[in-house]
Each structure stands twice: as structure tokens, then as C-alpha cells.
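Working notes, beginning with the structure itself.
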There are 2 protein chains.
Amino acid sequence: MERARAGENVRSGADEEALFLAGYDITAWPRPSLAVDVAILTIAAGAAHVVLVERTRPPAQGRWALPGGFVRIDESLDDAVGRVLERETGLRDMYTAQLATFGEVDRDPRGRVVTVAHYALVPAARIEDVVTGRAGCALARVTPAGPGGDAPFRLVVPGGAQALAFDHDAIVAAAVERVQGRLWYTPVAFELVPDEFTLLDLQRVYEAILGRSLDKNGFRRRVLASGLVAPTGRRREGLRARPPELFRFAGDGRGG
Amino acid sequence: MERARAGENVRSGADEEALFLAGYDITAWPRPSLAVDVAILTIAAGAAHVVLVERTRPPAQGRWALPGGFVRIDESLDDAVGRVLERETGLRDMYTAQLATFGEVDRDPRGRVVTVAHYALVPAARIEDVVTGRAGCALARVTPAGPGGDAPFRLVVPGGAQALAFDHDAIVAAAVERVQGRLWYTPVAFELVPDEFTLLDLQRVYEAILGRSLDKNGFRRRVLASGLVAPTGRRREGLRARPPELFRFAGDGRGG
DNA sequence: CCAAAAGTGTTCCTATTACACCCATGA
DNA sequence: TCATGGGTGTAATAGGAACACTTTTGG
């Protein structure tokens, strides 16, 4: 442990550091570019969906891709995700979390681009006007195969079966697997339902993410015993059957 | 979905892409630097430890840090991890996995540096000569508080309690939590024991990572029922008690 | 009354815990 | 023979899976 190298003057640590940093140019070496890509997941018509945007410029022009963009020099990763999401979909204040970083050398034909993949969860109601009212935006259905299936899931894009741009198929796969793994252990499912929901709404979220059906009573008791939901006292009216009770999330400010 | 924008010639997709890429310089914009840092975990004397290296140059000169370095323009993240680990510790072919990416704007005084944190798992036997025989390398004891503790864990560095350089304390915390979460669901624990081990060796790994003691018989039956271990037929001799049976990992080429 | 969906009771089974006990070896 | 750690049996419990059943609404 030599705290001052031979041949250097011994100074206080702070002075030495300041001197070093003054003469240091971190931009002197070639280095990768850094991007963020986001798999926005939602539940529509009892199935999981992911938001895709059409690439209007090369590379992969005309193909479907995840919303994404380059990280600026003066913004954090979270800031970049928020900016990119609003620019490409108009959505703000979604739940987002980091997924994994993809850094293969040849993953982008423009050059070396490393991307920090994220996922976002949003209730279907908030997303409908975005996808229907925005050019180049679409929902792709994600059908997870239950545990034991050959492929982890099937992705149905609007214009027929087609691979996404870059390695975005792998990002969607990682997003679905991550949410599957966290579903029972964290309150992520509540990010996919409206503020007030029935237990069967919630159950459909679980079933869509997991790709299998669940027992009604078992699910009900498990959720109620978790203490994460509280009854609102209201019921959903206007159906042609018994009005179901409405609940709200009762955890500490959501989370993930 | 407009696949060719107004005002542009409509060509084949491949031609258009090639033209675009020929005139594209991705290095034109300022962008962050990219690094990898690795928390190497091991079990020694019944406790979890992490490998630290002393910083011999600013910034944070003289402080303890995780092994790490910048990602070169022509190497993948995994390649960078392997290169950095061998350079800073001499260790090769460890199990490594990606953890999370830390991208706060001010986390490195040299400038904007985003780091892709990884963790590595290695049996204690492989690490002893490295740490004892290499200047500026040390083991820090990591004491996880069981579930319900105030802090997630306590880190005991060699020269007294001191924070690690940069945000490396947070990386160690994330590494321990990640391994804790995967311990029962993936075969990561086998990366921390030698090729041949007793079930009590394995149990001590679990206890060190989880920070609590486990029931001997319950652990034994759980591990044997998992089908991940196979008896070797040999026993460990030379103890002052009954020689325990030796097992080996019987899964498909390890994994994570 | 009937269809449809909400909501409940009960049983079976498995995994986990906790604890007590016996066994084999070296000193 | 005794201390030490290896190895086993068993009962209690909690949680999940499966299934049948009752209740409440709209038409």
C-alpha cells in the first residue's frame, strides 16, 4: 500500500487530487455511446402488450423498435428515460425501473452503442389515447408461455410477425421475465391497474403477465392477506351481474 | 406508419441505410464515458467478503475501491469485465453477472462516467494467494443483517471503518442483495464452494450470504431434494469427528 | 327464472420449521 | 469415554392448489 508514488511530491490528498483533475481530459480516449431503451408494458384485453415506435430514420428504418435515445452528457439515466419517454410517446410520470445493460459491440450499425434497458409499467387507460392518437406508435401483444414453454413468450407486432430493430426483442424478453419474477414479491402489479380496481382486474393482470390462469379464491385470499389492498366501500355498477367491490392500493406510495 | 418520408427519394431499405450510415458520425456529440466495476464476493471464515483494491492514483487516491476500469470501444461489457479482473486481481474465469448500471451525473470527479456494475463469485481457495500475494489488494468482511435489520449489511474494511471510493458502497450493497435474492432459486451458491464440498460447507455459504443460521436437517433435505448435488463417494478425512460425505454440483454446467 | 359474474368453505398436499435423537471418529 | 461434528426421524405448521358451492345482480 504505497499512498504516494516514488518521484512525486508528497502533498495533502485534496491538493494532489485537484492537481490531477485539472490536467485530466476524460474525453481523450475513444469510448462507446450510451443510450436508454424502454419497454413500456401494459395490460389490454386480458393480455400483456408493449409499446412500439416505428423508426422513421435509419438504421432499421420502417421497423418497429422500443422508445429510446441517447443519454446526454449532463443528465442521469433516470432523467434520460423520462425525457425519451415523453418525446416518443407523450407519457410522463410512469413507473420505470432499470432492467439490464446491453453492450455487444455490433448491436448498432451506427457504431458502438451501449444501451441501458429499462421497463415501464402503466395502466391501459393512460396509454390508449397515446397509441391511437400518435403516428408511428403501436401496441404489440406479448403472450408469455407459462413456465415450461419452449420460447419464453410470443410477440405479435401490428404488421405481421417481424423481429424488432436492434436487439430489442431481447429487451422485451428481459422485461417480461423481470416483471414475472417480481410480481409476487413486489407491488409492481398495482402499476398496471387504475387507482380503483376489482380483485378480478388485478387477477387478470397477474394472469396476463404470468401466462397462466390462477385460482380465483386462492388469489383473492392471497391478495387480501398481503395487506396491500384496502376496500374503498364502493362497487363497480352497470354490469349485468353482481357489482364487484372496488379496492385501492394500500402500500407505502407504491414502489417496485 | 409512413415508411418513406416526404421529400426523400424512395429507395430500397438497404441502400438508404447504407447511404445514411456512410455520412453518419456517432462521435459528433458529447457523451458519457463507460466503465465496469466488479464486486468479487467470496466466503472466508464463515463470513462473506468482497475484494477491494487500493486506488494508487487520483481520484480517491489511497482509498479502497472495487476493481474496475473503462470499457474500450471494441470490447463487449463481458470482455471488459474479464480484462479488468485479470489486470487488477490476476483472477480469470470467475463466474460473473451483471448487476446494475449507475449513472448519476456527479458520481466521478473526473467527469461523466457511467459504470456497469457486476458481481463475481469465487471459492475462497482460489482467492487466498491473490489477496495475500498482491500489493494493494485486500478482503473486506461483509456482514449481512438478517431480514429486518436496520442497515442491509456492515462492511469491515482492513484499515478501520471507511467509505469506499465513488459509489462503490452502493454497488457492494446491490451485489449482496442480488446474491441473497438468487441464492435459493439459482445455483449461484455452488460458485462459492470448491468442486468437492460437504453439505455443511454449502450451508455455511448460505448462512454467510443470508446473515442468519439455518436448520441443519432442513437444509440437507432441501439441497438433496433439489437434485443439484451428487455424492462423490468420498469423505473428507483428518477431522476430529465423523468424516463427512463429499458432494459435487450436478447441474448443467453451473449457471446463474 | 336464467345467465353471468362475485364471493366463500373445505380439503388435500407440499414445503418449511423446529427439535430431538443417534452415529462415527480422534484424542 | 468423551467431546465434536455428521447424519436422521418426526411432529407441527403455514401456504398454495383444486374444487364445489352460494350469492347477487341484469335481462
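Below, chains carry the letters A, B, ... as their sequence lines are ordered, and counting in each starts from 1.
- Distance, L214(A) CG to dG16(D) P: 12 Å, rounded to whole Å.
- On the nucleic acid side, DNA chain C contacts chain B at distances under 4.0 Å to non-hydrogen atoms, with the end points of that region at dT16(C) to dG26(C).
- Where L200(B) and D215(B) each meet DNA chain D at their nearest nucleotide, the meeting point lying more 5' is that of L200(B).
- Between the CZ atom of F219(B) and the P atom of dG9(D) there is a distance of 19 Å, given to the nearest Å.
- Rounded to an integer number of Å, the gap from L202(B) CG to dG7(D) C1' is 16 Å.
- For F197(A), the ring pair (Phe, Tyr, Trp, His ring centres under 6.0 Å) test picks out F190(A), with sequence neighbours left out.
- One interatomic measurement links the two molecules: OH of Y206(A) to C1' of dG16(D), which rounds to 15 Å at whole-angstrom precision.
- The interatomic distance linking E237(A) (CD) with dT24(D) (C1') rounds to 12 Å, in whole Å.
- Note on residues 220-232 of chain B: no pairs pass side chain to side chain donor-acceptor pair (under 3.5 Å), not counting sequence neighbours.
- A side-chain contact (heavy atoms from CB on, under 4.5 Å) with L41(A) holds for exactly one of V51(A), I127(A), V179(A), V188(A); it is V179(A).
- At dG7(D), one or more side-chain N or O atoms of R235(B) fall inside 4.0 Å of OP1 or OP2 (strictly under the cut-off).
- Applying the salt bridge (Lys or Arg N to Asp or Glu O under 4.0 Å) test to pairs two or more places apart or on separate chains, those with a residue in residues 85-100 of chain A are E86(A)-R92(A).
- With sequence neighbours excluded, the residues that form a ring pair (Phe, Tyr, Trp, His ring centres under 6.0 Å) with F166(A) are H168(A).
- For F102(B), there are no ring pair (Phe, Tyr, Trp, His ring centres under 6.0 Å) partners two or more places apart in sequence or in a different chain.
- In this structure, R242(A) atom CZ and dT25(D) atom P are separated by 7 Å, rounded to whole Å.
- Rounded to whole Å, atom P of dG7(D) lies 7 Å from atom CG of L199(B).
- Looking at residues two or more places apart in sequence or on another chain, you find a side chain to side chain donor-acceptor pair (under 3.5 Å) between R234(B) and E196(B).
- Against DNA chain C, the stretch residues 220-232 of chain A makes heavy-atom approaches under 4.0 Å through R220(A), R221(A).
- The nucleotide whose nearest atom lies closest to any side-chain atom of E245(B) is, among dG7(D), dA18(D), dG26(D), dG7(D).
- Between its two ends, the helix from dC1(C)-dG27(D) to dA27(C)-dT1(D) turns its axis by 10°, counting five pairs per end and rounding to 10 degrees.
- Proximity of a side-chain donor or acceptor of D167(B) to a complementary backbone N or O of A170(B) within less than 3.5 Å is not detected.
- Residues satisfying the side chain to side chain donor-acceptor pair (under 3.5 Å) test with D79(A), not counting sequence neighbours, are S76(A).
- Remark: R236(B) pairs with D201(B) by the salt bridge (charged side-chain N to carboxylate O under 4.0 Å, His left out) rule, at least two apart or across chains.
- Within the structure, ring pair (Phe, Tyr, Trp, His ring centres under 6.0 Å) pairs that include any residue of residues 214-240 of chain B comprise Y206(B)-F219(B) (at least two apart or interchain).
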